[in-house]
Amino acid sequence: MLPRPLQNLITALERLPGIGPKTASRLAFYLLREENDLAEALAQALQELKAGIGFCSECFYLTEAGKRLCAICEDERREAGLICVVEEPLDVIAIERSGAYRGRYHVLHGALSPIEGIGPEDLKIAPLLERVRRGGVREVIIATNPNLEGDATALYLSQQLRPLGVHLTRLARGLPMGSDLEYADPNTLMRALAGRQEIESG
Amino acid sequence: MRLLHLSLTNFRNFTRLALELPPRGVLLIGANAQGKTNFLEAVYLLATFSSFQTHVERQLIHFLEARKSPAVGRLIGEYQRRDGTHRLELRLILEATAGDGMRLRKEALLDGVKRPLSQIVGHFNAVLFAPHMTQIIEGGPEERRRFLNLTLAQAIPGYATVLSEYVHILEQRNALLKQLAAQAGHVAQLDVWDQELTARGAQLMYWRIQALQEMERLAARVHLELTRGAEVLRLMYRPAYEPLPLPVAQISLPLSTPLDRSHLKVEEIREGFLERLRAMRREELTRGVTLIGPHRDEVRFLANGIDLGDYGSRGQVRTALLSLKLAEMEWMRLRNGEWPVLLLDEVLSELDSQRREDLLARVSTCEQVILTATDASAFPAPFLLQSTLWEVKMGQIYPKNHLAEEKEPG
């Protein structure tokens with residue numbers, strides 16, 4: 001019914017997360033009518049995205065194409081003996097925003113999920129083991145998401161890393177800051193109770 | 001516990017309904033296909049978020065509304081608990097999926113705040129008794145697991161959450177087993193899912209052991225009274241993974257052997273379960289599916305040592321179901337500290353006059369009971385005097401002027 005170029009665009013937009021058929025059509029028609037070269041600018045940005053972005057060969061965080069290491073791995077001031085393992089590049093940004101971490105990262109690019117056909121060989125696990133085997137790493141902090149797939153991935157990583165004799169830790173689970181205890185969901189409370197800590201004497 | 005107010009929008013054949021509910025008994029009278037059972041289903045949905053009438057949940061939405069996209073059905077219940085009055089809203093949203101299909105999504109708001117369903121299931125409690133539920137005793141094992149899950153989720157905090165995690169892990173594990181069966185791969189991955197599966201599985205089994213033991217005690221007492229001392233009713237839990245150490249020679253114990261598993265701790269069950277999974281790994285890898293665990297558990301009902309599912313007469317099964325439902329109601333009171341709302345769908349017509357009286361005498365101790373019937377003639381006059389009568393007609397509910405016209409002359 002629609003001319004092919006328009007239909008192609010709608011179909012492509014629909015494949016984006018969070019975008020359904022209606023939003024896809026609306027966006028496509030907007031781009032068609034729009035007069036300030038937005039379509040051209042967008043097309044150029046999209047093309048440069050793939051061509052201009054690469055992955056750090058050490059930690060697999062994002063870097064500019066052609067560079068071997070990302071800004072974090074290049075930064076000599078960051079502690080090389082400390083690796084924080086996360087699922088996605090966005091998780092790196094979240095932890096960086098906290099300003100509390102001065103070590104390096106390792107991005108797995110996913111979590112174990114047999115239903116989606118994602119196994120250990122589809123994640124950047126082998127390079128992580130290689131990094132640890134090379135030596136100089138004193139602690140690996142596992143920071144996968146606190147859900148079933150994240151837990152399974154953390155368990156798998158700990159099985160693989162333990163024989164290498166590195167110190168393993170996992171992010172604590174607890175209550176969000178600034179919230180009220182009475183509104184916390186029971187699961188979070190249960191975990192927070194299980195992970196309670198000694199009050200340090202001052 | 002008592003339902004104070006119910007409002008339904010585009011639910012089944014109710015386009016719009018808002019009702020105050022009286023305490024004690026409510027009797028819904030009406031011809032077939034007017035909406036009596038749908039009314040009970042609505043109340044039951046607020047307790048379990050699950051329908052007892054259909055597996056095709058999109059039919060829950062009124063058929064005219066369901067032509068829209070998205071279509072929305074809405075149930076709002078206000079109820080009195082010991083800790084005060086609450087308002088639970090359940091939204092049924094029928095929407096198009098990424099493919100061509102439609103799917104029904106449920107959203108729940110407790111006192112105006114949106115919550116995950118598994119967290120607030122059982123905040124409002126109801127026990128439902130309908131004639132087709134003899135399937136719990138006579139039907140396949142999945143009927144009994146469903147009964148267990150719906151009942152336990154209402155009274156054991158955490159049960160619904162752990163169950164949904166278990167089901168999710170089971171899907172992941174089965175997908176992995178299938179992949180490993182098709183092509184060799186990282187078997188080490190399986191260890192991870194075994195850990196996750198057994199942690200939740202052992203917890204579910206622990207809860208089922210405790211609950212069934214408590215419920216059996218209650219059901220046996222009720223049943224002995226209902227049968228005037230003639231039958232001893234037993235609820236035999238037959239878990240797919242047996243946590244008790246049995247001598248190999250006795251693996252196929254006679255069904256009636258009572259086994260006491262109540263002393264087992266979650267951690268003990270888990271260790272044994274994990275060990276058993278490891279022992280079965282080769283078989284599971286060949287079959288590509290998880291062979292043991294709570295998803296394959298079974299419960300058998302025995303009267304005087306005879307398995308009612310296989311050998312029970314119609315009358316025996318009906319009486320056993322009655323005992324089970326009364327026990328379920330008492331068990332919930334024991335656990336939650338207050339009566340659930342009792343829902344009886346066309347139950348009296350199936351019972352003889354003695355059992356009718358037994359049942360009505362027992363349910364009158366409840367805080368609130370909602371019954372349906374095609375006419376009021378099966379109910380004894382004293383019961384009718386204590387109850388409110390409503391007529392259900394084409395998706396509307398009208399107060400029914402009292403007894404005079406209902407009672408047979410003389």
Checklist line | Side chain B:Gln195, main chain A:Leu155, donor-acceptor under 3.5 Å | finding: no
Checklist line | A:Arg134, CZ: over 12 other non-hydrogen atoms inside 6.0 angstrom | finding: yes
Check: Would you find more than 12 non-hydrogen atoms of other residues, nucleotides or ligands less than 6.0 Å from B:Glu268 atom CD?
Finding: yes
Next item on the list: Taking all heavy atoms of B:Ala188 and all of A:Gln159, pick out the closest pair and write down the distance.
Entry: O-OE1, 3.9 Å
Next item on the list: May I ask you to check whether over 12 heavy atoms, not counting those of A:Gln197, lie within 6.0 Å of atom CD?
Entry: no
Notebook entry, point to check: Relative to chain A, which of B:Lys178, B:Glu171, B:His168 shows the most heavy atom pairs under 4.5 Å?
Noted result: B:His168
Next item on the list: For A:Pro114 and B:Gln179, work out which heavy atoms get closest and say how close.
Entry: O-NE2, 2.7 Å
Check: Does B:Gln172 use its side chain to pair, donor to acceptor, with the backbone of A:Glu149 at less than 3.5 Å?
Finding: no
Check: How many angstroms lie between atom CD1 of A:Ile115 and atom CZ of B:Arg173, to the nearest 0.5 angstrom?
Finding: 13.5 Å
Note to self: What's the separation between atom CD in B:Glu196 and atom CG in A:Leu112, rounded to the nearest 0.5 Å?
What the structure shows: 10.0 Å
Notebook entry, point to check: Just wondering, more than 12 heavy atoms not from B:Tyr206 lying within 6.0 Å of its OH?
Noted result: no
Item checked: Segment of B:Glu165 engaging chain A (4.5 angstrom heavy-atom cut-off) -> both
Next item on the list: Among A:Ser158, A:Gly119, A:Ser113, single out the residue with the greatest number of heavy-atom pairs under 4.5 Å to chain B.
Entry: A:Ser113
Notebook entry, point to check: Do other residues, nucleotides or ligands put more than 12 heavy atoms under 6.0 Å from B:Glu142 CD?
Noted result: yes
Next item on the list: Could you give me the CA-CA distance, side-chain angles and deciding distance for A:Leu148 and B:Arg200, then say whether side-chain contact (heavy atoms from CB on, under 4.5 Å) is met?
Entry: CA-CA 11 Å; A:Leu148 295 173; B:Arg200 275 78 173 183; 3.2 Å; yes
Note to self: Please determine whether the number of non-hydrogen atoms from other residues, nucleotides or ligands lying under 6.0 Å from atom CD of A:Glu64 exceeds 12.
What the structure shows: no
